[in-house]
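Letters A, B, ... are given to chains in the order of the sequence lines, protein chains preceding strands, and every chain is numbered from 1. Only heavy atoms go into these numbers, but all of them, side chains included; no hydrogens, no water, no symmetry mates.
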Number of protein chains: 2
Amino acid sequence: MVGIEDVAAAAGVSTATVSRAIRGLPRVSPRTRAKILATAKELGYVPSSAASRLASGKTHTIGVLAPYVDRWFFGKAIAGVDRELHGRGYNLSLFNLGGRTQPRERLFSKAMVQKQIDALLLLCMYLHEEEIDDLHAIDMPLVVVGGPVPGLSNVGIDDYQAARTITEHLIELGHRHIALLHGQDDSDLNFSVPRIRVEGFHDAVHQSGLEFDPDTALFGNFTVESGVEAMRRFLELPAPRPTAIVCASDEMALGVLFEARRHGIRIPEELSVVGIDGHEMGAAVGLTTVWQDPTAQARRGTQMLLAELGGDEGAVHPEKAEQRLIVRESTAPPRR
Amino acid sequence: MVGIEDVAAAAGVSTATVSRAIRGLPRVSPRTRAKILATAKELGYVPSSAASRLASGKTHTIGVLAPYVDRWFFGKAIAGVDRELHGRGYNLSLFNLGGRTQPRERLFSKAMVQKQIDALLLLCMYLHEEEIDDLHAIDMPLVVVGGPVPGLSNVGIDDYQAARTITEHLIELGHRHIALLHGQDDSDLNFSVPRIRVEGFHDAVHQSGLEFDPDTALFGNFTVESGVEAMRRFLELPAPRPTAIVCASDEMALGVLFEARRHGIRIPEELSVVGIDGHEMGAAVGLTTVWQDPTAQARRGTQMLLAELGGDEGAVHPEKAEQRLIVRESTAPPRR
DNA sequence: GTGAAAGCGCTAACAT
DNA sequence: ATGTTAGCGCTTTCAC
C-alpha cells in the first residue's frame, strides 16, 4: 500500500509538504504542489482516513440520526444532507435509534456517535427525556431538522401555523363540523410535531367559535395504512358526520382519500380532506395541503453544521423554513 | 480525554488486557474483565474509533452506494441495511453518486470508498462501463441488492419473471391489446432492471401469440409524476386504445391510476393497470402487482457481507429473493 | 517554503 | 491469563 512517505520520497520532499500539498494548505510553492499532486496520482496514493482522523481529530463525517429512512420526510431530508455533503469531502453516517417502541440504546454520548463524527444532524423524532439530556451534553455542532427540540436549534416549518392555515382554509369554505386525524400518541410527550399540529388545529377551530367533537378525533401513526384505517373508523361515526377531515400529514390524508373512494364517497363533494407536507402523490391525486420542503431544510441544516465546523461560530441557529398553502381538488364548501 | 492507558492504570492492568476485555476477546479472566469494564464505565471511557481503525485496519463500517434515498426501493433497502447493522457495532456510511445525468466522480476506487469501509453494498443503479470496472477492482466484500450487475453477486428478485407474471395475468384475463409503461432509457445500457422487465413483458406478449404495438410504448422514470404524464399521453392514443397497461413499477402505476381517475376512466372496467414492486400505497388503492421486499433483500445482502467479514469465505453469493403476484382490484377482463 | 520529529490512541505479536 | 512494545500512517508544531 502506497503511503505518504512513498509519495514524499518519489517527489523528493518531506511528508509534511506532501500533507500540505494534498490538502490544499498554503505554504507550498505552486511548483512543488504540482509535482506532488502528479506523483501522488501516478503512484495511486490515497490518504488513509484512519490515520488522518487519528492525527487531526477530525472525522470529516456528519452523523444523521433518524427514526426512519423509508418515510417521506426522512428520505427527503437524508437526500438533502447527502446532496450538500457530496463534493465537499464529507461523509454521511446514518444512525437509527429504531422505532419508538423497540428498546433502544442510549447512544448519543456513546461510542456510536462520540468520536465518529464531527457534527450531528438530528431529524425530528420521538425522544425520551434522558435522550434529550444526552443531546445537550454532546460537545459538537448539532442541529435538528423538523420539529423543535427544547433547547436545540432547529430548521423547520412552523407546524402550529401549518395546522392553523389548513384548518382555517376549511372553515373559510364553510365547514363547521371538522374531524381530526392526528398522529399524537400520549406516550410520546417529546415528539412535538404531532402535538403542535394538533394545537394549531384546535386553536383554529375554537377561535372561529366552533366546537370540536372529541368523538371525531382519529388516531394514526403518519402512515398511509393508518389513514386507511382511520377512514374506516370515520365511516362508523354516527350521522351527521363531519364534512371535512384535517390530517396531520399527507401520507395519512392519502390513506383517507383512497379508502373514501373505495367506499364510493365523493371527494370533495361529500367530504373535504386536507393534509400537511406536500407529498408528491398529493399533487397527483389533487390533495389540498400545506407544502414544505424537507430536502431544503436538511440542506440548510447541513450548511450550518459545515459553517460551524469551518470556524464560523454561531452559524447554527434556529431558522423557519418555507411553507405554503396549496389548494387543490380535495376541498370544497360542504354540501349541507 | 480518557484513553485506554487511563483505564489500564486505574484497573491495574496493561492496555493490552483492557483492549481485549473491552472487545470481548478471550484470554481475559472473568474477574479481570469485570473490573476493567467497571472502571472503564466509571471513567467514562470511549475507545477512539480512529485509533482503532488505524491499528486494526478495520473500520467497522459498511458502505451503501445508492442512486437515491428518497425513492421507495432505496429507502426500504437502506432501512434494511441499517436494521441489520444496528446492534452489531457496525456503522452505515451512505454514498450517493448523484442521478444519472449529473456529472459524477469515479469514486469506487477512490478515497470516498477506499479505506473508509470494510464492505460495500450496492443498490441497483445506473452504472457506466468504467464504474463497473472500478467495482470489479474493489478489494473488499461486495454485494449488490436489486438488479444484477454483470460479474457481481446480487440479491434480488427475478425481474424478468416478475414482468412475465404480471403480463401473463393480464393475458389470462383476456387482454389482447396491452400497453407498456417502462423506465427504459436507451442511454442506460447498464441499468439492467428496466431492460429486463421490458424483456419479460415482450416475451410474455409474443409467446402468447399477441402483437405489441410500438406506439403504445410509454416512457417514464419510475416516479409517480412520470406515471401521470404517461397516462396523459396514453389518452391521446388513437382508438381503439389498449385495454390494459403494464407499468414497470408501482410508483408509475400509481401515477397512471391517479390520472385515469382524474379523467373519469373507471379502473378496472375500462382499463386494467398493473405494476411491479409491492408499494404500500398499491395496497391502499387496490393495485395488482408483483410484490417484493427490498428491506429483506438488503438485510440478506448485509448478512452476507458481515459473514464474509467474519471470515466466512464465500458467504457472498447470488440469491433470488421472494416475489409474489398479488391480484387486487385494478385488473379485470376487458369489456370488449 | 520546507523539513524533522513527536505524537494521535489504539491493536497485535510476542514474550512471560 | 497478562504484559511489553512496536507500529498503524498521518498531522502538526517548531526549526530552519
Side-chain angles (χ1 to χ4, degrees), chain A residues 1-37 39-40 43-61 89 91 110-112 114-118 309 311, chain B residues 1-40 43-61 89 91 111-112 114-118 309 311:
Chain A
M1 215 222 48
V2 29
I4 199 172
E5 293 211 44
D6 303 302
V7 179
V13 296
S14 70
T15 61
T17 304
V18 173
S19 181
R20 291 189 202 100
I22 300 252
R23 288 182 297 157
L25 296 184
R27 299 181 159 211
V28 181
S29 76
R31 278 196 79 250
T32 316
R33 188 187 304 277
K35 162 132 201 162
I36 291 173
L37 260 24
T39 54
L43 298 180
Y45 169 67
V46 176
S48 152
S49 74
S52 161
R53 286 176 190 225
L54 180 55
S56 71
K58 272 102 174 58
T59 63
H60 269 237
T61 298
N91 285 139
K110 295 285 289 306
M112 280 189 71
Q114 206 77 295
K115 307 188 181 184
Q116 306 248 53
I117 56 180
D118 294 336
L309 287 176
Chain B
M1 217 221 49
V2 28
I4 200 172
E5 294 211 42
D6 303 301
V7 179
V13 296
S14 70
T15 60
T17 305
V18 174
S19 181
R20 291 189 201 102
I22 301 249
R23 287 182 297 157
L25 296 184
R27 299 180 158 212
V28 181
S29 77
R31 278 196 80 251
T32 316
R33 187 186 303 275
K35 162 130 200 165
I36 290 174
L37 259 25
T39 54
L43 298 181
Y45 169 67
V46 176
S48 152
S49 74
S52 163
R53 286 176 189 224
L54 180 55
S56 71
K58 271 103 173 56
T59 63
H60 268 236
T61 298
N91 284 141
M112 282 190 69
Q114 206 80 294
K115 307 189 183 181
Q116 306 248 51
I117 58 180
D118 294 335
L309 288 176

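- Here the straight-line distance linking atom OG of Ser56(A) with atom CZ of Arg23(A) works out to 7.5 Å at 0.5 Å rounding.
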- For the pair Thr32(B) and Lys35(B), evaluate side-chain contact (heavy atoms from CB on, under 4.5 Å) and give the outcome as yes or no after the intermediate values. CA-CA 5 Å; Thr32(B) 316; Lys35(B) 162 130 200 165; 5.7 Å; no

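- Which of dG9(D), dA1(D), dC14(D) sits closest to the side chain of Arg20(A) comes down to dC14(D).
- We find the NZ-OG distance between Lys115(A) and Ser49(B) to be 8.5 Å, quoted to the nearest 0.5 Å.
- Side-chain nitrogen and oxygen atoms of Ser56(B) include none within less than 4.0 Å of the OP1 or OP2 phosphate oxygen of dC8(D).
- Here the P atom of nucleotide dT12(D) and the CG atom of Leu54(A) are 11 Å apart, to the nearest Å.
- Exactly one residue among Thr59(A), Thr61(A), Asp118(A) makes a side-chain hydrogen bond (donor to acceptor under 3.5 Å, both in side chains) with Arg53(A). That residue is Thr61(A).
- Between atom CD1 of residue Ile36(B) and atom CD1 of residue Ile4(B) there is a gap of 9.0 Å, rounded to the nearest 0.5 Å.
- Between Ser29(B) and dT2(D) there is a side-chain N or O to OP1 or OP2 distance below 4.0 Å.
- At whole-Å resolution of the value, CD in Gln116(B) and C1' in dC10(D) are 14 Å apart.
- Between the CG atom of Leu25(A) and the OG1 atom of Thr17(A) there is a distance of 11.0 Å, given to the nearest 0.5 Å.
- Summarising the geometry, the separation between CG on Leu25(A) and P on dT11(D) is reported as 9 Å, rounded to the nearest angstrom.
- Put simply, CD1 on Ile36(B) is 11 Å from C1' on dA1(D), counting in whole angstrom units.
- If you check every strand for non-hydrogen atoms under 4.0 Å, Ser49(B) touches nothing.
- Note that the first and last nucleotides of DNA chain C, 5' to 3', having any atom under 4.0 angstrom from a heavy atom of chain A are dG1(C) to dG9(C).
- Mapped onto DNA chain C by nearest heavy atom, Arg27(B) and Lys58(B) fall at different nucleotides, with Lys58(B) at the one closer to the 5' end.
- Contact between the side-chain N/O atoms of Arg23(A) and the OP1/OP2 oxygens of dT12(D) is found at a separation under 4.0 Å.
- In this structure, Ile117(A) CD1 and Asn91(B) CG are separated by 9.5 Å, a value rounded to the nearest 0.5 Å.
- For dG3(D), one of the phosphate oxygens OP1 or OP2 lies less than 4.0 angstrom from a side-chain nitrogen or oxygen of Ser14(B).
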